[in-house]
Colleague: 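Questions regarding the structure given below will be posed in turn.
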Amino acid sequence: MSSLVVTRFAPSPTGMLHIGGVRTALFAWLFAKKNSGRFILRIEDTDTDRSTEDNIRIIEEGMLWSGLDWDEGPDPQHLGSWLGDHGPYRQILRMDIYKSKITELFDQGKAYRCRCTKESLEERRKESERSGKPFQYNRGMDFGRGCRDKHHDDSLPSSVRFAMPLGGDIILEDAIKGMIKFPSDSLDDWIIARWSEPGEIGVPTYNFSVVVDDVAMKVSHVIRGDDHVANTPKQIPLFEALGYTLPVFAHVPMILGKDKQKLSKRHGAASITEFKDLGFLAQAVRLTLAKLSWTPKIDGKVAESAEEEILSDAQLIDAFNLEDIQTSPSVFDIDKLYWINQKLIMNSTNEFLMKSLEPFMPSVWQTQDIAWKNLAVSCTKERSRTLKEMAQSLAFCWEAPQIFEEKLIIKHLTESNRSAIRSLNLLEDWTPQGLRDGLDRILFEHKIALKDLAQALRVALTGGTISPPIHETLLLLGEEEVRRRLLRWI
RNA sequence: GGAGCUAUCGUCUAACGGUUAGGACAGCGCCCUUUCAAGGCGCUUGUACGGGUUCGAAUCCCGUUAGCUCUACCA
């Protein structure tokens, strides 16, 4: 029995990677890193209707973009092959293992064939509900009416149920939530394998395969969403029936939207791809998510200033521990993400930003020389919350204004400002220093203030009143383009 | 209906049972200023409710209310 920490993220391929899933994965990832353990990505695709290759790809790409790399799981380089020794990491490919475990349970009398049809179950459910009781298979007024003691063989179609303990409590020792007690009689004999033809064992359900896989993959810490708390008392007796020792369970609180409902598309972005397309940095997403329901303590202290809120991955990993995670859910506030993203952009190197900006830029971006890109990035990195905004604030470089608002023309392109613009048009020295001197001279000669000339130039050159500082705006456009755009105003 | 979880500014959160209930985001105001930002300074707003325990409760206990999760041959 090794003491190696192994965590896993086990999403089902539903067509998108949800931000809440990423947060859960992040905690599992941080915990593995913190303890020099291993992190597994496993695909839970026992619901064959929803699981497609494309949907699995979406999960892999989302995880990769988020920077949550896995030690075991699908090999992103080679489709269909696996990283790690406990594969395959798709449940649909592990049927043989599940079936052999179910056979084991049969042999020990801990599982049984159930011939109750959906129709008869539905009828009993209604009967229970009519008398104000919830329906539980082989519990309450349904007790003794099922197949538990009938010892059915597989000669007829059947599903498979797990014989849950009767009476007493099931205790969950949760690393985050503490001890939680569930009365056994609030549960029932649940289905572990779906309906199947005679002689067969059907496709196992989630609660069964998750237990078998977590043990087979030597998962030491099951870190998952709060929505699984109520599943755990079903799973605990199954671990025991299979002779397994229990992993450590840690249920992390949910992430809610502004209306305190589970976060979804209705709240704006919910899938990780949307955050990427909005121009957020993966690190900003990680930091923001990490700080929901968890407060990192650096040297035993929580952040006491804005600067201390901005933490590196290394600091996150170093500070991480399960005990500090909150037990209450938290609302996802995209404003905080915007703020963190902006801070991170400001702190980023120009080189990193140049590269990160590529997907948001027109193709001409790639052909610009390094000095120009450096200038472009350095004069916009403090004025953009996202990469997308950064790209937008540089759009004037390749998009000459087509229309000019009358109001702006009247206000800024006055005769005196235009005469200064005419002088600018005659400037010869377009080196940064030459331009600076030239502008100073023009301001002096025309007796106008920099802010007036700057605004007039912004309108003339970009069609708007917002652009990088005016020297940089001129330099980015370049002598030739500036002259071209000034033509109609002189 | 049953089982479970949760409850501090609008949001994220801090607070050995003793603090003027602290910080961050957002909002607002002022300063700086070449537009927009960034930066600086300041302000507004909070312990869900009701009972206990205690010299003393945001903190411990009970109840209420509200929200969420599970209650599937979904995961």
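Letters A, B, ... are given to chains in the order of the sequence lines, protein chains preceding strands, and every chain is numbered from 1. Everything numeric here is computed off the predicted structure, so don't read it as measured data.
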Colleague: Within this structure, what is the CZ-to-C1' distance between Arg124(A) and A72(B), rounded to whole angstrom?
Modeller: 15 Å
Colleague: With both distances under 3.5 angstrom, what nucleotide forms a Watson-Crick or G-U wobble pair with C25(B)?
Modeller: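 Across all strands, the one nucleotide that pairs with C25(B) is G10(B).
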Colleague: Quick one: look up who G1(B) pairs with, Watson-Crick or G-U, both distances under 3.5 Å, and put none if it's unpaired.
Modeller: U71(B)
Colleague: Report yes if a side-chain nitrogen or oxygen of Thr295(A) is closer than 4.0 Å to either non-bridging phosphate oxygen (OP1 or OP2) of A14(B); otherwise report no.
Modeller: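 Yes, because at least one side-chain N or O of Thr295(A) sits under 4.0 Å from OP1 or OP2 of A14(B).
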Colleague: Between Pro183(A) and Leu121(A), which residue's closest nucleotide on RNA chain B lies nearer the 5′ terminus?
Modeller: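 In this pair, the answer is Pro183(A).
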Colleague: Check whether any side-chain nitrogen or oxygen of Gln342(A) sits under 4.0 Å from OP1 or OP2 of A38(B), and answer yes or no.
Modeller: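 For Gln342(A), the contact criterion (side-chain N or O under 4.0 Å from OP1 or OP2 of A38(B)) is met.
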Colleague: Whether the side chain of Asp185(A) and the base of A3(B) hold a donor-acceptor pair under 3.5 Å is what I'd like checked.
Modeller: no
Colleague: Mind checking Pro468(A) for me? I need base, sugar-phosphate or nothing, with any heavy atom below 4.0 Å counting as a touch.
Modeller: base
Colleague: Sequence neighbours excluded, which residues qualify as side-chain hydrogen bond (donor to acceptor under 3.5 Å, both in side chains) partners of Gln433(A)?
Modeller: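 By the side-chain hydrogen bond (donor to acceptor under 3.5 Å, both in side chains) rule, Gln433(A) matches Asp437(A).
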Colleague: For RNA chain B, whose closest nucleotide is more 5', that of Ser186(A) or that of Leu256(A)?
Modeller: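 It is Ser186(A), whose closest nucleotide lies nearer the 5' terminus.
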Colleague: Which part of the nucleic acid, if any, lies within contact of Cys116(A), taking any heavy atom under 4.0 Å across all strands shown: a base, the sugar-phosphate backbone alone, or nothing?
Modeller: base
Colleague: Between atom NZ in Lys234(A) and atom P in U69(B), what is the gap in whole Å?
Modeller: 15 Å
Colleague: Write down the partner of U19(B) under the Watson-Crick or G-U wobble criteria, each distance required to be under 3.5 Å.
Modeller: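 Partner of U19(B): none found under 3.5 Å.
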Colleague: For a quick check of understanding: with a heavy-atom distance under 4.0 Å over all strands, which category does Glu129(A) fall into, base, sugar-phosphate or nothing?
Modeller: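 Contact class for Glu129(A): none.
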Colleague: Using whole Å, what does the distance between atom C1' of nucleotide C70(B) and atom NE2 of His228(A) come to?
Modeller: 11 Å
Colleague: Which heavy atom of Pro11(A) sits nearest a heavy atom of Arg42(A), and at what distance?
Modeller: CD-O, 3.2 Å
Colleague: Taking any strand in view, what nucleotide pairs with G39(B) in a Watson-Crick or G-U wobble way, both distances under 3.5 Å?
Modeller: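 Per the H-bond distance test, C31(B).
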Colleague: Please check if any side-chain donor atom of Arg286(A) sits under 3.5 Å from a side-chain acceptor atom of Gln283(A), or the reverse.
Modeller: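 There is no such pair between these side chains.
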Colleague: For Phe320(A) and Trp294(A), what are the C-alpha separation, side-chain angles and deciding distance, and is it a ring-ring contact (aromatic ring centres under 6.0 Å, His included)?
Modeller: CA-CA 9 Å; Phe320(A) 194 76; Trp294(A) 176 55; 5.0 Å; yes
Colleague: Measure CG/Leu408(A) against P/U35(B) and give the value in whole Å, please.
Modeller: 15 Å
Colleague: Just by distance, with hydrogens left out, do Ser393(A) and Thr380(A) show a side-chain donor and acceptor under 3.5 Å apart?
Modeller: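 There is no such pair between these side chains.
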Colleague: Does the side chain of Ser293(A) get closer than 4.0 angstrom to OP1 or OP2 of C12(B) through an N or O atom?
Modeller: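 Answer no for this pair, as no side-chain N or O of Ser293(A) is under 4.0 Å from OP1 or OP2.
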Colleague: Answer with base, sugar-phosphate or nothing: what part of the nucleic acid does His251(A) contact at a heavy-atom distance below 4.0 Å?
Modeller: nothing
Colleague: Reckon Glu308(A) touches a base, only the sugar-phosphate, or nothing at all at heavy-atom distances under 4.0 Å?
Modeller: nothing
Colleague: Round to the nearest Å and state the distance from Gln235(A) atom CD to G4(B) atom P.
Modeller: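 It works out to 18 Å between those atoms.
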Colleague: I'd like to check the side-chain hydrogen bond (donor to acceptor under 3.5 Å, both in side chains) partners of Arg125(A); sequence neighbours left out, ordered by chain and number.
Modeller: none
Colleague: Which nucleotide, if any, forms a Watson-Crick or G-U wobble pair with A48(B), using both distances under 3.5 Å?
Modeller: U64(B)
Colleague: Between U69(B), G67(B), G2(B), which nucleotide gets closest to the side-chain atoms of Lys260(A)?
Modeller: G67(B)
Colleague: Please classify the nucleic acid contact of Lys181(A) as base, sugar-phosphate, or nothing, using heavy-atom distances under 4.0 Å.
Modeller: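 Answer is sugar-phosphate: Lys181(A) comes under 4.0 Å of backbone atoms only.
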Colleague: Expressed in angstrom and rounded to an integer, what is the separation of Leu263(A) atom CG from U11(B) atom P?
Modeller: 15 Å
Colleague: Can any side-chain N or O of Thr7(A) pair as donor or acceptor with the backbone N or O of His221(A) at less than 3.5 Å?
Modeller: no
Colleague: My understanding is that only one of Thr414(A), Ile410(A), Leu408(A) makes a side-chain contact (heavy atoms from CB on, under 4.5 Å) with His412(A); could you say which?
Modeller: Leu408(A)
Colleague: Can you tell me the distance, in whole Å, between the CD1 atom of Ile334(A) and the P atom of C12(B)?
Modeller: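 Rounded to the whole Å, the gap is 15 Å.
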Colleague: Between the protein and nucleotides 18-24 of chain B, are there any N/O to N/O pairs under 3.5 Å, and if so, what are the atom names and distances?
Modeller:
{"unit_1": "G23(B)", "atom_1": "O2'", "unit_2": "Glu304(A)", "atom_2": "O", "d": "3.3"}
{"unit_1": "A24(B)", "atom_1": "O4'", "unit_2": "Glu309(A)", "atom_2": "OE2", "d": "3.1"}
{"unit_1": "A24(B)", "atom_1": "O2'", "unit_2": "Lys336(A)", "atom_2": "NZ", "d": "3.2"}
{"unit_1": "A24(B)", "atom_1": "N3", "unit_2": "Lys336(A)", "atom_2": "NZ", "d": "3.3"}

Colleague: CG of Asp189(A) versus P of A72(B): gap in Å, rounded?
Modeller: 13 Å
Colleague: Phosphate oxygens OP1/OP2 of G2(B): is one of them under 4.0 Å from a side-chain N or O of Arg125(A)?
Modeller: no
Colleague: Under 4.0 Å, heavy atoms only, any strand: does Lys177(A) hit a base, just the sugar-phosphate, or nothing?
Modeller: sugar-phosphate
Colleague: Do Glu323(A) and Asn321(A) have side-chain atoms, one donor and one acceptor, less than 3.5 Å apart?
Modeller: yes
